[in-house]
Every structure is written in C-alpha cells, then in structure tokens.
Number of protein chains: 2
Amino acid sequence: MNIGEAAKRAKLPVKTVRYYAEIGLVSPNGRSASGYREYDEIAIRKLKFVARSRSFGFGIPACRELLSLFEDRSRESADVKNIAKARIAELDEKLLELRLLRDELSHLADSCAGNARPDCPIIDGLAG
Amino acid sequence: MNIGEAAKRAKLPVKTVRYYAEIGLVSPNGRSASGYREYDEIAIRKLKFVARSRSFGFGIPACRELLSLFEDRSRESADVKNIAKARIAELDEKLLELRLLRDELSHLADSCAGNARPDCPIIDGLAG
DNA sequence: TATAAAGTTTCCAGTGAGGGGAGACTCAAG
DNA sequence: CTTGAGTCTCCCCTCACTGGAAACTTTATA
C-alpha cells in the first residue's frame with residue numbers, strides 16, 4: 001500500500017507519515033521498484049497507535065518508548081503503567097498551572113470596568 | 001544602561017532581551033558609540049510588562065497588542081478587557097481539553113494491573 | 001496511444017520563542 | 001598592559017511538523 005492510502009487509514013497527513021518514516025518512528029516495510037514507500041497492515045497499526053498516543057499528548061520520544069512496548073509482547077504492564085503515570089503527573093502539573101493562570105487573569109478582568117475610560121487594572125496588574 | 005543590567009532588572013535572559021529588540025517588541029532607546037544597546041527606565045518597564053504578560057501565557061502577537069495598549073494613555077479599558085477575555089476563553093478551552101485527556105488516560109491506567117504480566121489495557125487503549 | 005491528472009519522491013525553508021556557541025570587539029580593574 | 005567580563009553579530013539547533021518546488025511514476029481519460 002502506498003503512503004497516501006496508509007495516511008488515510010491512519011488518519012494522518014501524508015507529510016506526517018513521511019516524517020515518521022524519516023525519523024525512524026514508523027518505517028515503511030519497504031520500497032517499490034520506483035521508490036514508493038510501501039506500508040503493510042502492521043505498519044498501519046503502528047501509525048494508528050502513534051496517532052492516538054500523540055493525541056494523548058505524548059511526545060515523540062514517549063511514542064517511541066510506547067511503541068517499543070507495544071511491539072514487545074514480553075514486556076510487563078508495569079512498564080507501560082509507569083509511563084502513563086508520569087504523563088498523568090505532567091498533565092496534573094500543567095492543569096494546576098493553567099488553573100492558577102486562568103484565575104489570576106480572570107480576577108484582573110473582573111476588577112476592570114471594561115468601559116470607555118483608560119483606568120485598567122489588567123494593564124496595572126500586568127505591569128506588576 | 002547596558003543589556004545585561006536591563007535583563008537583570010526585567011528578570012529575563014540577555015538572549016531574550018536581544019530577541020525582543022530584534023523583532024521590534026521592545027527596542028533599546030539607542031546604541032552607544034561602540035554599538036552597545038542602551039536601555040532606559042521606560043524600556044525596563046516595557047520589558048517587565050512583557051515578561052509578566054508572557055508568564056500569563058500571552059503570545060508575542062498578544063504582547064505586542066497589550067504593549068501598545070499599555071503605551072496608549074487614551075485607550076479604553078474595554079479594549080484591554082476584550083483581549084484578556086479572549087485569553088481566558090482560550091485557557092478554559094485548553095483546560096477542558098487537558099482535563100478530558102487526563103481523565104481518559106487515568107481511566108486507562110486505573111484498569112491496568114501494573115504487574116509483571118504483559119496484558120495492558122493502556123496499550124490496548126492507545127491501539128484504539 | 002497520447003496526454004493529462006493525481007500521486008509520490010527528494011530537497012529546502014519556515015514556524016514560536018528563543019538557546020548555545022564561535023569569533024571579534026569593548027570596557028573596567030588591577 | 002593584561003586579564004576578565006560584557007557585548008556584538010552570525011549561524012545552527014530545538015519540536016513536530018507544514019508548505020512549496022521540481023522531477024518522477026502511476027492511473028484515468030480522450
């Protein structure tokens with residue numbers, strides 16, 4: 001199967017699939033006589049796996065690690081769980097940070113009249 | 001005042017201050033005879049303002065806009081408030097997205113034994 | 001069969017917001 | 001006078017792609 005069909009099956013842009021091949025994340029299983037990348041069902045599954053992992057916010061290095069665990073039938077589920085837990089901790093940290101940011105900004109916005117006069121607690125707040 | 005002192009006062013890396021000058025976000029008020037950038041108190045205030053705005057997650061374009069409002073003594077507070085409200089809406093959207101991600105991943109992790117056996121609902125979940 | 005359209009290839013360049021470092025210059029202190 | 005710190009410009013690197021150009025292959029149509 002050519003890259004276009006593979007991309008469609010994995011719901012990824014062609015450019016992205018090519019990029020994943022280039023960085024050795026998901027390689028095509030070969031090349032045609034004319035140089036076209038050829039993908040089989042196994043490669044498609046890996047592409048889908050990566051697409052979904054990326055959508056969960058895993059970076060490429062984490063995807064690489066997850067993919068190796070995905071491919072390794074003898075790995076322990078604890079290995080995967082540890083990666084997931086680390087990612088959840090990252091997400092919690094990010095969520096906390098964003099919540100604080102949101103509340104502080106919201107507080108500033110609430111105290112701003114938002115009218116035609118120039119006094120603005122938001123600007124004052126940002127000026128420190 | 002030289003760039004090093006200005007950077008220290010604004011609590012920004014020198015590289016960042018130089019970058020802000022390069023993109024015309026916060027320009028030094030002149031150059032010395034030998035070519036050193038020179039910053040005055042007004043430039044320092046702008047640097048601090050940008051540093052704080054960036055820490056609130058505003059991008060460079062938004063900082064540019066906020067800075068012009070900061071400099072414009074005749075602007076209406078409503079103009080500022082609108083920018084802040086848009087940023088809050090962005091933050092809310094991002095928060096919602098991250099919360100969903102976190103919960104879904106957490107759910108997967110909870111259903112994984114995390115032991116020495118290879119069965120792993122996380123991998124299965126990521127595989128779709 | 002000829003040709004046009006679509007698909008694919010490689011390579012180059014850019015994104016946001018700087019970071020790292022090289023090599024040259026300037027300034028202040030000892 | 002020298003040394004060390006500060007600064008200058010210039011270039012490449014990041015991350016995860018995205019876009020475009022020019023050349024090639026494959027497929028569909030006339």
Side-chain angles (χ1 to χ4, degrees), chain A residues 1-40 43-44 46-67 87 90 94 97 101, chain B residues 1-40 43-44 46-67 87 90-91 94 97 101 126:
Chain A
M1 166 178 3
N2 286 341
I3 197 170
E5 181 69 13
K8 193 179 299 176
R9 296 270 306 273
K11 284 168 194 154
L12 284 171
V14 169
K15 279 268 187 187
T16 300
V17 177
R18 206 174 275 128
Y19 173 69
Y20 289 164
E22 185 188 334
I23 64 174
L25 182 60
V26 179
S27 299
N29 62 316
R31 296 275 188 142
S32 74
S34 59
Y36 284 18
R37 290 173 183 80
E38 286 177 327
Y39 290 87
D40 58 11
I44 301 293
K46 290 185 197 168
L47 284 174
K48 284 184 180 171
F49 180 85
V50 169
R52 193 151 160 77
S53 300
R54 289 284 299 122
S55 81
F56 272 88
F58 289 99
I60 299 292
C63 283
R64 220 180 271 276
E65 196 174 3
L66 284 168
L67 201 53
R87 177 75 192 137
E90 276 174 36
K94 191 76 185 170
E97 184 190 339
L101 214 56
Chain B
M1 162 181 5
N2 286 342
I3 198 171
E5 181 69 12
K8 194 179 296 173
R9 296 270 307 274
K11 285 168 194 153
L12 284 171
V14 169
K15 277 273 189 184
T16 300
V17 177
R18 205 173 274 131
Y19 174 69
Y20 289 165
E22 184 189 335
I23 64 174
L25 182 60
V26 180
S27 300
N29 63 314
R31 294 278 186 142
S32 75
S34 58
Y36 283 19
R37 288 171 185 82
E38 287 178 325
Y39 291 87
D40 59 11
I44 300 294
K46 291 186 198 168
L47 284 174
K48 283 184 181 172
F49 180 85
V50 169
R52 193 153 161 75
S53 300
R54 290 285 297 121
S55 81
F56 272 88
F58 289 99
I60 297 292
C63 283
R64 219 179 273 276
E65 198 174 1
L66 284 168
L67 200 52
R87 176 72 192 140
E90 276 175 36
L91 285 172
K94 191 77 184 170
E97 185 191 339
L101 214 55
L126 289 176

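In what follows, chains carry the letters A, B, and so on, assigned in the order in which the sequence lines appear, proteins first and then strands, with residues in each chain numbered from 1. Every value quoted in this text rests on a predicted model; they were computed, and no experiment measured them.
- Contact check, B/R31 against D/dT9: a side-chain N or O comes under 4.0 Å of OP1 or OP2.
- When rounded to the nearest whole Å, the span between CG of A/N2 and C1' of D/dT26 equals 9 Å.
- Between the B/R87 side chain and the B/G57 main chain, a donor and an acceptor come within less than 3.5 Å of each other.
- Between B/R18 and the phosphate of C/dG18, there is no side-chain N or O to OP1/OP2 separation shorter than 4.0 Å.
- Going from atom OH of B/Y36 over to atom C1' of C/dA24 covers 11 Å, rounded to whole Å.
- For B/I3, whose side chain is taken as the heavy atoms from C-beta onward, the closest listed nucleotide among D/dG6, C/dT9, D/dC8 is D/dC8.
- In this structure, the ring pair (Phe, Tyr, Trp, His ring centres under 6.0 Å) partners of A/F49, at least two apart in sequence or on a different chain, are A/F70.
- A/E38 places its CD atom 13 Å from the C1' atom of D/dT25, with the value rounded to the nearest Å.
- What separates CE of B/M1 from C1' of D/dG6 is a distance of 15 Å, to the nearest Å.
- The backbone N or O of B/E5 lies less than 3.5 Å from no partner atom in the side chain of B/N2, so there is not a single donor-acceptor pair.
- A sub-4.0 Å separation between OP1 or OP2 of C/dC27 and a side-chain N or O of B/S34 is present.
- Applying the 4.0 Å criterion to OP1 and OP2 of D/dT7, one finds that B/R37 has every side-chain N and O outside that range.
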Q. For nucleotides 15-20 of chain D, read 5' to 3', which letter fits each nucleotide if B means a protein heavy atom sits under 4.0 Å from the base, S means only the sugar-phosphate is that close, and - means neither?
A. -BBSBB
